[in-house]
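Since the structure comes first, as structure tokens, the remarks are kept for the end.
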Amino acid sequence: MKINIAQIRLKTADFKFNLDNIIKNINSDCDLIVFPQTDVEELGGKDLVFDEKCMSAQSQLYREIADKNYKQNILIGDILIRNGEVEVADYGVFDICGKKVYVSDTFEEDVDCDLYILAKNRYYAMHTYKEFVESINTRCDFIYINTLGIADENVFAGGSFAKNSNNELVMQMPVCREDVDTVDFSRNIEFTDEPLEAQIVDVTTFALKEYCENTGFKKVVLGLSGGIDSALTAVLAVKALGAENVLGVLMPSMFSSEGSITDSLKLAENLGIKTVKEPIIPLFDEFMKKRERLHDLAEENLQARLRGLILMFYSNRENMLLLSTGNKSESAMGFGTLYGDLAGGFNMICDLTKTNVYKVSNYINRDREIIPQEIIDKAPSAELHPGQKDQDRLPEYAVLDDIIEMYLEENKSAEDIYKKYDKTVVDETIRKIYRMQFKRHQGCLGVRLTERSFCNGVNLPVVQRFY
């Protein structure tokens, strides 16, 4: 039996796109072609599953394919289409070309079949793909099929693969790229794992392209501060959408260093993006003219909110998606201003700690300088008062990020983390993670890159008195 695997893009409840893309990729030169799950629930449709009109359209998709009466067997998730009929598996089992084919959304080792097909759209999370491939210990021919697409914060990044009955890898499909290929269970290949930084670039840029295509945005706008977060976001946006579709806005204040302007302009030149300069000093001075200057948090937040105001103006006026540029470390500590630098419609780096932001930035510069080295080398600062540095209010990022990852990603207790770091620092970090949930609750949508992202996987109460 000749089997083709079709790792294709699918969109949540976009039945015309999904139908067209399935039909386009049906190859007559095979006995069975395997497509990913395409039903609304498996593509992140949430409560759309309760919409009768939507469910009817989903059923119609399968019917329209069946009406074309293709000669080959077409498996879409756990739905088999053949001989003009739409079939659902009897206890997960189909008889296809005399072979016992078992289809499921979970893997069980003790199933008696000739071919096991695991059809489950699996979201991307760092450090999990190789482990997932190795976790499949099969005694029959095996296919895992995953789609490409986004379900809000979750990114389905492909990576479909196949193993033979000796548990040897025989096929591995790429991440974030459509692919249709014939599986050969007689061969044996080595597992290929891209560098983590390359995966992050691929996944975040794919997610932005998909988000814009699904929501109708053609262009994006972001603030360029001269810092590493906005620089990395700008690079990723250009890679995703092209330089002509990215606008950088420079909004210096009375506390901005000369480098924040020159470094931003150098970055923009390297990327080939257009910039505009909108100083916030006149707006700030006009507002404070009748108010006492206390140089306090309220005045710092006013600066951030004036910037958010300007960015939202460009977003509305030019119909551009505003990209927020906060990272996971800042989000954990509440190091951002509501309706200011947290304003935005989409965030590509929200699940990257500051440490990982630097790793990806250095990876981007591996062949030539794209992000100016001055941006990478400078001490991080919000520049909201003279001489301000992030580490005035936060632990060193190497320490902070390790605590965040140990507590959130590795699910370690505070007592375990005390063995490595000062108890006071650990307790204050954990306390802030909880106390700053109210800000994250009002944050924009972003790209999930870890199993326990603030986008999804970490579900903390806003109202609580324990921390």
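The figures here come from the full heavy-atom set of this structure, side chains too, leaving out hydrogens, waters and symmetry mates. Positions are given from 1, in the same order as the sequence printed here.
- Between Lys219 and Glu244 there is no salt bridge, since none of the side-chain N atoms of the basic residue sits less than 4.0 Å from a carboxylate O of the acidic one.
- Thr147 contributes atom OG1, which lies 10.0 Å from atom NZ of Lys11 (distance to the nearest 0.5 angstrom).
- Using bins of under 30°, 30° to 60° and over 60° for the plane-to-plane angle, the ring pair Phe142/Phe107 lands in the perpendicular bin.
- Here the CD atom belonging to Gln303 is positioned 9.5 Å from the CD1 atom belonging to Ile281, to the nearest 0.5 angstrom.
- No more than 12 heavy-atom neighbours from other residues, nucleotides or ligands sit within 6.0 angstrom of CD on Glu41.
- Ile5 approaches Ala162 most closely through the heavy-atom pair CD1-CB, 4.4 Å.
- No close placement of the Tyr358 and Tyr397 rings is indicated, their centers lying 6.0 Å or farther apart.
- Of the inter-residue distances, the one linking Ile228 atom CD1 with Asn327 atom CG reads 10.5 Å to the nearest 0.5 angstrom.
- For the pair Met333 and Thr429, the minimum side-chain heavy-atom distance is below 4.5 Å.
- Across Ile22, Leu75, Val180, Ile145, a single residue satisfies side chain to side chain contact (heavy atoms under 4.5 Å, CB included) together with Phe35, and that is Ile22.
- Ionic pairing of Arg366 and Glu197 is not present here: no N-O contact between side-chain nitrogen and carboxylate oxygen is shorter than 4.0 angstrom.
- One finds a salt bridge joining Lys354 and Asp229 here, because a Lys/Arg side-chain nitrogen approaches an Asp/Glu carboxylate oxygen to under 4.0 Å.
- The OG1 atom of Thr204 lies 8.0 Å from the CG atom of Asp202; values are rounded to the nearest 0.5 Å.
- Considering all non-hydrogen atoms of both residues, Thr205 and Ala240 come closest at O-CB, 3.5 Å.
- Summarising the geometry, atom CG belonging to Asp416 is positioned 12.0 Å from atom OH belonging to Tyr407; distances are rounded to the nearest 0.5 Å.
- Inter-residue side-chain proximity for Phe217 and Asn319 is flagged as met; some heavy-atom pair is nearer than 4.5 Å.
- Around atom CD of Gln442, more than 12 heavy atoms belonging to other residues, nucleotides or ligands sit under 6.0 Å away.
- Using a cutoff of 4.0 Å between basic side-chain nitrogens and carboxylate oxygens, Glu369 and Lys266 are scored as salt-bridged.
- Tyr129 and Gln199 share no donor-acceptor pair across their side chains, judged by distance under 3.5 Å alone.
- Taking every heavy atom of both residues into account, Ile364 and Ile370 meet most closely at O-CD1, 3.8 Å.
- The line from CG of Leu400 to CD of Glu330 is 10.0 Å long, rounded to the nearest 0.5 Å.
- Each of Asn164, Ile136, Ile189 was scored for a side chain to side chain contact (heavy atoms under 4.5 Å, CB included) with Leu169, with one residue passing: Ile189.
- The pair Glu410-Lys420 does not count as a salt bridge, with every side-chain nitrogen at least 4.0 angstrom from each carboxylate oxygen.
- Tyr418 and Asp427 share a side-chain donor-acceptor pair at under 3.5 Å.
- Dense packing is recorded around CZ of Arg452, with more than 12 heavy atoms of other residues, nucleotides or ligands lying under 6.0 Å away.
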_Applying ring pair (Phe, Tyr, Trp, His ring centres under 6.0 Å) to Phe132 and Tyr144, what does each step give before you reach the verdict?_
CA-CA 11 Å; Phe132 171 59; Tyr144 167 66; 5.0 Å; yes

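- Inter-residue side-chain proximity for Val40 and Met55 is flagged as met; some heavy-atom pair is nearer than 4.5 Å.
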For residues 308-317, dump all side-chain donor-acceptor pairs below 3.5 Å to protein atoms at least two apart in sequence or in another chain.
from	atom 1	to	atom 2	distance (Å)
Tyr314	OH	Glu278	OE2	2.5
Ser315	OG	Met320	O	2.5

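- The only option from Thr38, Asn18, Asn21 that meets the side chain to side chain contact (heavy atoms under 4.5 Å, CB included) definition with Ile8 turns out to be Asn21.
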